[in-house]
A.B. asks: 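Attaching a single structure in structure tokens format; questions to follow.
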2 protein chains.
Amino acid sequence: MNDRQDVHTSDVPVLCVACEARHRGVCGALDADQLVALMKTSTKKRLETGAELVGDAEAIEGYANILSGVVKLIKGLPDGREQIVGLQFAPDFLGRPFQSESAVSAQAATNVVVCSFPKRAVEALIKQSPQLEHSLLKQTLRELDEARNWMLTLGRKSALEKVASYLLLIANYIDPADHSHAEAVAFDLPMSRLEIADFLGLTIETVSRQLTKLRIDGVIQVRQSRHIVLDNPSRLKTYSGG
Amino acid sequence: MNDRQDVHTSDVPVLCVACEARHRGVCGALDADQLVALMKTSTKKRLETGAELVGDAEAIEGYANILSGVVKLIKGLPDGREQIVGLQFAPDFLGRPFQSESAVSAQAATNVVVCSFPKRAVEALIKQSPQLEHSLLKQTLRELDEARNWMLTLGRKSALEKVASYLLLIANYIDPADHSHAEAVAFDLPMSRLEIADFLGLTIETVSRQLTKLRIDGVIQVRQSRHIVLDNPSRLKTYSGG
DNA sequence: CCGGCGATTTGATCGAGATCAATGCCTAAC
DNA sequence: GTTAGGCATTGATCTCGATCAAATCGCCGG
């Protein structure tokens with residue numbers, strides 16, 4: 001079901017000479033020499049909540065590994081309506097290979113730390129390393145699956161089902177354990193109500209009302225608006241529409 | 001904007017020894033020897049409208065090149081609600097590399113002709129040929145872009161904007177020319193009202209009403225319910241919400 | 001030509017979620 | 001502690017699209 005860990009071709013984290021983080025993710029596909037070469041070109045960057053990594057239709061300046069935090073991918077309409085079309089968590093790889101322009105805008109949803117690489121260095125490496133390309137293909141296939149799952153949610157679920165699905169999605173990222181039995185899970189939402197609404201194709205008021213309903217039904221606890229406790233995750237699943 | 005043609009690593013169509021069609025698409029990435037080997041394992045299949053290529057959560061029996069027709073990718077909820085999460089046209093490649101189960105069900109929306117290959121043969125070839133993997137990555141990235149574009153439509157557009165966007169999408173597949181100036185385009189819809197509704201996250205009645213509205217506004221002509229004429233495609237764009 | 005059947009259109013009504021409008025809550029500055 | 005300002009909740013109302021129901025169209029077989 002969840003092949004997230006499968007994205008890492010190598011499970012051995014590698015110490016980056018530039019940003020001093022231990023990389024996993026796509027970098028695991030490289031051999032030692034390639035890694036050293038790549039990491040000499042890397043830079044560690046810290047981004048505040050709301051900071052823009054790549055603007056829509058802007059030239060892409062590089063690629064990045066997310067070390068911590070959550071990045072949202074946004075598409076907007078000319079009149080200002082917005083839809084979040086993807087969420088990226090560590091250790092996802094950020095960037096659009098073989099395209100000079102981005103179709104989406106990428107923004108930090110929380111404080112984010114990335115290790116970024118110049119476009120040219122990564123693309124040269126992709127040409128050399130089928131392993132890296134294989135790794136990118138796997139991540140892209142996973143993102144495609146996630147996008148299609150979300151299309152079902154956007155097109156066919158009710159507001160209540162959408163919010164329940166969202167909570168389960170986040171709970172699963174925080175703690176990828178199997179929540180089919182009844183262990184409690186607690187976590188902080190990495191997004192504001194407005195961002196949740198833009199992810200679910202709803203308004204903030206509707207998101208708030210559905211959370212209230214779930215709270216009153218005793219399925220979730222909400223504290224300080226961001227902190228969520230699921231006493232019984234499998235019960236929440238019955239609200240998510242499958 | 002549209003890098004569809006870019007998917008074909010080679011522009012030279014190759015005659016398939018088995019199905020006697022000239023392949024393009026992903027097969028273009030192979031060298032002559034590899035092609036011959038692959039094509040000896042291929043079979044040409046004709047599928048009636050509605051035929052299922054791959055069921056949800058079924059084992060994937062193989063891969064296929066679409067030679068003609070339209071294939072819809074469907075995701076469903078336990079209670080029967082359905083969402084079309086992707087459309088594939090010739091010469092798209094059909095299949096989910098590196099996964100034993102399909103996350104979606106694939107059905108023929110029109111009569112479809114495919115040239116199918118056994119799973120094993122294709123996967124062996126992917127291992128040998130970085131070119132093929134590169135080609136698959138490009139197709140997957142394009143599908144991801146399309147999925148994300150459609151998420152914006154599903155989450156944030158009105159029913160009228162959705163229907164207008166759908167007509168422009170189909171018009172663009174039929175004739176990938178630039179429709180920004182005012183040349184008329186005519187085509188047959190490859191899908192029923194129910195399928196359009198399942199693609200747009202609407203009901204058949206709403207789809208029908210929006211088409212009627214566009215017809216009364218003089219933006220489109222509708223004949224025999226499937227045949228559409230856009231006298232002025234750029235005018236339809238103003239209805240699509242950007 | 002006629003009847004039948006599925007697909008589509010049109011009509012009437014309903015309701016989920018949007019919109020408009022307060023009100024309440026948490027944090028930060030002073 | 002007090003106040004200001006951004007977020008979130010709650011309430012009242014409206015609207016778009018769903019639902020229920022009834023024609024109408026198009027096509028095929030007799």
Side-chain angles (χ1 to χ4, degrees), chain A residues 48-50 72 77 79-83 109-111 153-167 188-217 220-228 239-241, chain B residues 48-50 72 77 79-83 109-111 153-167 188-217 220-228 239-241:
Chain A
E48 301 282 307
T49 302
K72 53 180 176 168
L77 292 171
D79 65 6
R81 283 175 284 176
E82 289 196 342
Q83 176 67 44
T110 61
N111 288 339
T153 299
L154 285 173
R156 287 303 184 201
K157 288 190 186 173
S158 71
L160 183 58
E161 290 170 332
K162 285 179 177 180
V163 170
S165 301
Y166 169 78
L167 292 174
D188 285 307
L189 294 175
M191 293 152 77
S192 70
R193 295 292 186 270
L194 179 58
E195 289 171 315
I196 297 172
D198 279 344
F199 188 44
L200 296 174
L202 298 170
T203 59
I204 48 174
E205 294 96 329
T206 299
V207 171
S208 179
R209 277 184 246 270
Q210 306 311 320
L211 286 170
T212 303
K213 173 164 171 43
L214 290 171
R215 183 165 47 71
I216 290 172
D217 283 11
I220 66 173
Q221 296 175 49
V222 183
R223 295 200 183 111
Q224 294 154 17
S225 86
R226 288 284 191 127
H227 190 75
I228 302 284
Y239 282 80
S240 71
Chain B
E48 301 283 307
T49 302
K72 53 180 176 169
L77 292 171
D79 65 6
R81 284 174 283 176
E82 289 195 341
Q83 176 67 44
T110 61
N111 289 338
T153 299
L154 286 173
R156 289 301 184 202
K157 288 189 186 173
S158 70
L160 183 59
E161 290 170 333
K162 285 179 177 181
V163 170
S165 301
Y166 169 77
L167 292 175
D188 285 306
L189 294 176
M191 295 153 77
S192 70
R193 297 291 187 269
L194 179 58
E195 289 171 314
I196 297 172
D198 280 343
F199 188 44
L200 297 175
L202 298 170
T203 59
I204 49 174
E205 293 95 328
T206 299
V207 170
S208 179
R209 276 185 246 271
Q210 305 313 320
L211 285 170
T212 303
K213 173 163 171 45
L214 289 172
R215 184 166 47 73
I216 290 173
D217 283 12
I220 66 173
Q221 295 175 49
V222 183
R223 296 202 182 108
Q224 294 154 17
S225 85
R226 289 282 190 128
H227 190 75
I228 302 285
Y239 282 79
S240 73

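Throughout, a chain's letter reflects where its sequence line sits, starting with A, and its residues are numbered from 1. On a predicted model such as this, the values are computed, not experimentally measured, just so you know.
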A.B. asks: Taking all non-hydrogen atoms of both residues, which atom of B/K157 and which atom of B/S165 are closest, and how far apart?
C.D. replies: NZ-OG, 3.0 Å

A.B. asks: For nucleotides 2-8 of chain C, print each protein N/O atom paired with a nucleotide N/O atom at under 3.5 Å, atom names and distance only.
C.D. replies:
unit_1, atom_1, unit_2, atom_2, d
C/dT8, OP2, B/R193, N, 3.4

A.B. asks: Using every non-hydrogen atom in the two residues, find where A/K162 and A/T153 come nearest and quote the distance to one decimal.
C.D. replies: CE-O, 3.3 Å

A.B. asks: What is the distance, to the nearest angstrom, from the CZ atom on A/R215 to the C1' atom on D/dA8?
C.D. replies: 11 Å

A.B. asks: Please check if the side chain of B/Q221 supplies one atom and the backbone of B/R215 the other of a donor-acceptor pair under 3.5 Å.
C.D. replies: no

A.B. asks: Of all the heavy-atom pairs spanning B/V222 and B/R193, show the shortest one and how long it is.
C.D. replies: CG1-NH2, 4.1 Å

A.B. asks: Do you know the tightest heavy-atom contact between B/Q83 and B/F199?
C.D. replies: NE2-O, 3.0 Å

A.B. asks: Can you check whether A/R223 has a side-chain N or O nearer than 4.0 Å to OP1 or OP2 of D/dA8?
C.D. replies: no

A.B. asks: Rounded to the nearest angstrom, tell me the gap between atom CD1 in A/I196 and atom P in D/dC7.
C.D. replies: 14 Å

A.B. asks: Quick one: does any side-chain atom of B/R81 pair with a main-chain N or O of A/R156 as donor and acceptor, under 3.5 Å?
C.D. replies: yes

A.B. asks: Would you mind reporting whether B/S208 and B/E205 have side-chain heavy atoms less than 4.5 Å apart?
C.D. replies: no

A.B. asks: Quickly work out the A/L189 CG to D/dA8 C1' distance and round it to whole Å.
C.D. replies: 13 Å

A.B. asks: Rounded to whole angstrom units, what separation is found between the NZ atom of B/K213 and the P atom of D/dG17?
C.D. replies: 12 Å

A.B. asks: Report the distance from atom CG of B/L211 to atom C1' of D/dG17, rounded to the nearest whole Å.
C.D. replies: 15 Å

A.B. asks: Walk along nucleotides 14-27 of chain C from 5' to 3' and tag each nucleotide B, S or - by protein heavy-atom contact under 4.0 Å, base first, then sugar-phosphate.
C.D. replies: ---SSBB-------

A.B. asks: Quick one: bend of the helix from C/dC1-D/dG30 to C/dC30-D/dG1 from 5 pairs per end, to 10°?
C.D. replies: 40°

A.B. asks: Indicate the atoms forming the closest heavy-atom contact of B/A197 with B/I204, along with that distance.
C.D. replies: CB-N, 3.7 Å

A.B. asks: Only one of A/I220, A/L160, A/V163, A/L167 forms a side-chain contact (heavy atoms from CB on, under 4.5 Å) with A/Y239, so which one is it?
C.D. replies: A/L160

A.B. asks: Kindly compute the distance separating CG (A/L194) from CD (A/E82), expressed to the nearest 0.5 Å.
C.D. replies: 8.0 Å

A.B. asks: Work out which heavy atom in A/M191 is nearest to a heavy atom in A/A109; give both atom names and the distance.
C.D. replies: CG-CB, 4.4 Å

